[in-house]
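Worksheet: the structure to be examined is printed underneath.
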Amino acid sequence: MNFRTRFAPSPTGYLHIGGARTALFNLLFARHNQGKFILRIEDTDVARSTEESIKAILDGMEWLGLHWDEGPFFQSKRFDLYREHAYKLLEKGEAYRCYCTPEELEARREAAMKEGRPPKYDGRCRNIHEKLDKPFALRFKVPPGTTVVRDIIKGAISFDNSTIEDLVILRSDTTPTYNFCVVVDDATMDITHVIRGDDHINNTPKQILLYRALGHELPVFAHLPMILGSDKTRLSKRHGATSVMAYKEMGFLPHALVNYLARLGWSHGDEEIFSFDGLIEKFTLESVGSSSGVFNPEKLLWLNQHYIKATPDDELAGLVAPFFESLGLKVAGDERLPKIAATLKERSKTLKDMAESGAFYFKDKVEYDPKATEKFLTPDNAELFALVIARLEPLAEFTHKTLEEAFNAILAEKDLKLGKIAQPVRVALTGGTVSPGIFEMMEAFGKGMVIARLKDALAHMRSTAVK
RNA sequence: GGUCCUAUCGUCUAGAGGCCUAGGACGUGGCCCUCUCAAGGCUAAAACCCGGGUUCGAAUCCCGGUAGGACCGCCA
């Protein structure tokens with residue numbers, strides 16, 4: 001069997017977290033089974049679809065590494081095909097012309113809701129057999145009976161057809177509607193597995209009926225549980241960023257998001273960390289859970305930190321550089337960047353964090369935190385600082401090792417603990433009391449900057465002594 | 001209102017009738033390590049929605065309640 005899955009977003013906004021997971025699961029399933037993953041843009045709503053949205057969705061998938069094998073196909077380019085199929089249904093008597101206007105339908109719907117009746121189309125045009133000289137839409141004639149959806153994730157779900165209304169398949173402006181296009185496309189594109197959010201479950205019986213009317217074999221359905229926000233309602237902007245690209249901007253690594261999304265709804269024993277290949281190898285629809293899950297930013301952060309730590313220094317340097325730049329710091333071409341990133345990686349949850357907490361490396365002047373300087377850059381530390389400078393200046397090699405040796409020598413001579421000297425040095429170099437370890441940091445800084453900052457600090461100590 | 005889905009620590013989840021004294025992970029507390037902050041190690045608290053069945057035995061199967069959620073367009 002040739003497995004074929006598809007991701008079919010509508011271009012009315014950016015790539016959403018939920019959409020990204022749907023795309024991911026489709027891709028993983030296809031790859032796991034040596035099948036094809038197809039991208040289709042559902043832009044039948046001409047009024048709401050935009051070029052920017054299409055680009056945003058493609059960019060999002062690109063960034064996440066979700067590469068498709070065929071497409072993108074655009075429904076807007078296939079209108080003739082849908083019309084052809086719709087009229088075939090009309091000829092076969094499986095569809096009929098409906099002359100009700102949208103305004104009339106809307107009024108009836110409102111009235112029905114008011115009276116507590118189901119707002120279902122009453123089928124009044126079903127029996128008009130002659131063609132009237134009025135604009136019309138084409139409606140599908142839902143047959144009586146029961147329709148069973150066999151879903152890999154949810155099991156068998158049965159629907160009484162009497163609860164399904166005669167849906168419009170072709171609007172009065174001759175454009176086709178969603179449920180119809182989906183079926184025509186999935187059928188003609190030989191999609192074997194329809195994997196999508198479970199908000200589509202109620203559409204599925206309609207689609208099954210359409211497949212039958214069109215004389216096509218059914219695909220396998222798999223409805224993924226929803227992703228919810230912290231208040232257990234459908235994830236939306238209220239819960240924070242929902243755009244995939246917003247996570248890029250916040251300094252997340254694409255694979256951290258992929259790993260997180262994969263584990264939201266799917267699991268493989270006790271494993272938490274998966275490479276992309278590992279996901280492909282281990283992913284099955286059978287191990288997708290059936291209940292919805294709450295999006296947990298904390299866990300995403302943990303994964304992001306994990307992958308930051310696992311990224312090689314030179315690669316990390318390239319990734320974090322734009323975040324330094326957006327802070328107004330010029331880091332392009334600075335060959336210290338890999339070493340600097342190395343000192344920061346264990347204490348950064350995002351690339352943005354990393355740039356912010358490492359900004360001191362690139363500032364022309366240290367920005368002293370008043371409380372920190374008051375506590376550590378004190379006159380009585382001046383003598384010690386002078387000694388440190390004297391010992392560091394002659395160092396031919398300026399490495400973690402030689403620096404630690406130099407400091408240990410001073411500590412032994414003066415009978416001091418490292419803590420006594422590390423904090424003042426830290427403040428001298430960074431302006432604050434929180435930073436990477438001083439030896440790795442000094443090595444990353446380079447000798448010139450270290451000596452300069454130490455001397456600045458010494459001057460600061462002496463000036464406060466005068467006052 | 002109708003249709004449908006779902007139900008294990010706060011959160012993501014393991015669990016396929018006995019391996020469950022319910023496991024892992026995030027987060028949270030404590031301890032250790034330590035030049036600060038992290039990272040790391042150890043450790044603690046923390047859950048089978050309720051009620052009936054079925055069975056020698058049920059977190060697991062069935063039914064009913066309850067609670068959440070999704071969908072009900074000439075949107076997708």
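This structure is a prediction, so every number in the text was calculated from the model and none was measured.
- By the side-chain contact (heavy atoms from CB on, under 4.5 Å) test, A:Ile152 is found to be paired with A:Val220, A:Ala222, A:Leu285, A:Glu286, residues two or more places apart in sequence or in another chain being considered.
- A:Pro312 pairs by the side-chain contact (heavy atoms from CB on, under 4.5 Å) definition with A:Asp314, A:Glu315, not counting sequence neighbours.
- Listed by chain and residue number, nothing satisfies the side-chain hydrogen bond (donor to acceptor under 3.5 Å, both in side chains) test with A:Tyr260 (two or more places apart in sequence, or in another chain).
- Remark: A:Arg48 pairs with A:Thr12, A:Asp45 by the side-chain contact (heavy atoms from CB on, under 4.5 Å) rule, at least two apart or across chains.
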Can you check nucleotides 27-29 of chain B for protein contacts, nitrogen or oxygen pairs under 3.5 Å, and list what you find?
none

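- Side-chain proximity of A:Glu346 to the nucleotides B:A39, B:C12, B:C35 is greatest for B:A39.
- Taking A:Pro9 as the reference, A:Phe7, A:Leu39, A:Ile41, A:Ile57 meet the side-chain contact (heavy atoms from CB on, under 4.5 Å) condition, with sequence neighbours excluded.
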Pick out the pairs of N or O atoms, protein on one side and nucleotides 19-23 of chain B on the other, that lie under 3.5 Å.
from: B:G23; atom 1: N2; to: A:Asp270; atom 2: OD1; distance (Å): 3.0

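- As judged by a 4.0 angstrom heavy-atom cut-off over every strand, A:Gly437 is placed among the base-contacting residues.
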Report, as a single string ordered 5' to 3', how protein heavy atoms within less than 4.0 Å touch nucleotides 66-76 of chain B: B base, S sugar-phosphate only, - not at all. ---SBB-SBBB
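- Taking only side-chain atoms of A:Ser290, from C-beta outward, the nucleotide of B:C5, B:U6, B:C12 with the closest atom is B:U6.
- Counting any heavy atom pair closer than 4.0 Å across all strands shown, A:Ile201 reaches sugar-phosphate atoms only and no base atom.
- A:Lys309 comes within 4.0 angstrom of sugar-phosphate atoms only, judged by non-hydrogen atoms across all strands, and of no base.
- Screening residues 230-241 of chain A for salt bridge (Lys or Arg N to Asp or Glu O under 4.0 Å) gives A:Asp199-A:Arg234, A:Asp231-A:Arg238 as the qualifying pairs, with residues at least two apart or on separate chains.
- Applying the salt bridge (Lys or Arg N to Asp or Glu O under 4.0 Å) test to pairs two or more places apart or on separate chains, those with a residue in residues 139-161 of chain A are A:Lys154-A:Asp198.
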Can you give the donor-acceptor pairs under 3.5 Å from side chains of residues 431-442 of chain A to other protein atoms, not counting sequence neighbours?
from: A:Ser435; atom 1: OG; to: A:Arg426; atom 2: NH1; distance (Å): 2.9
from: A:Glu440; atom 1: OE2; to: A:Arg347; atom 2: NH2; distance (Å): 3.4
from: A:Glu440; atom 1: OE2; to: A:Gly437; atom 2: N; distance (Å): 3.0

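- At a threshold of 4.0 Å, the pair A:Asp173-A:Arg171 does not count as salt-bridged, since none of the basic side-chain nitrogens sits closer than that to a carboxylate oxygen.
- A search for side-chain hydrogen bond (donor to acceptor under 3.5 Å, both in side chains) contacts involving A:Arg21 returns nothing, not counting sequence neighbours.
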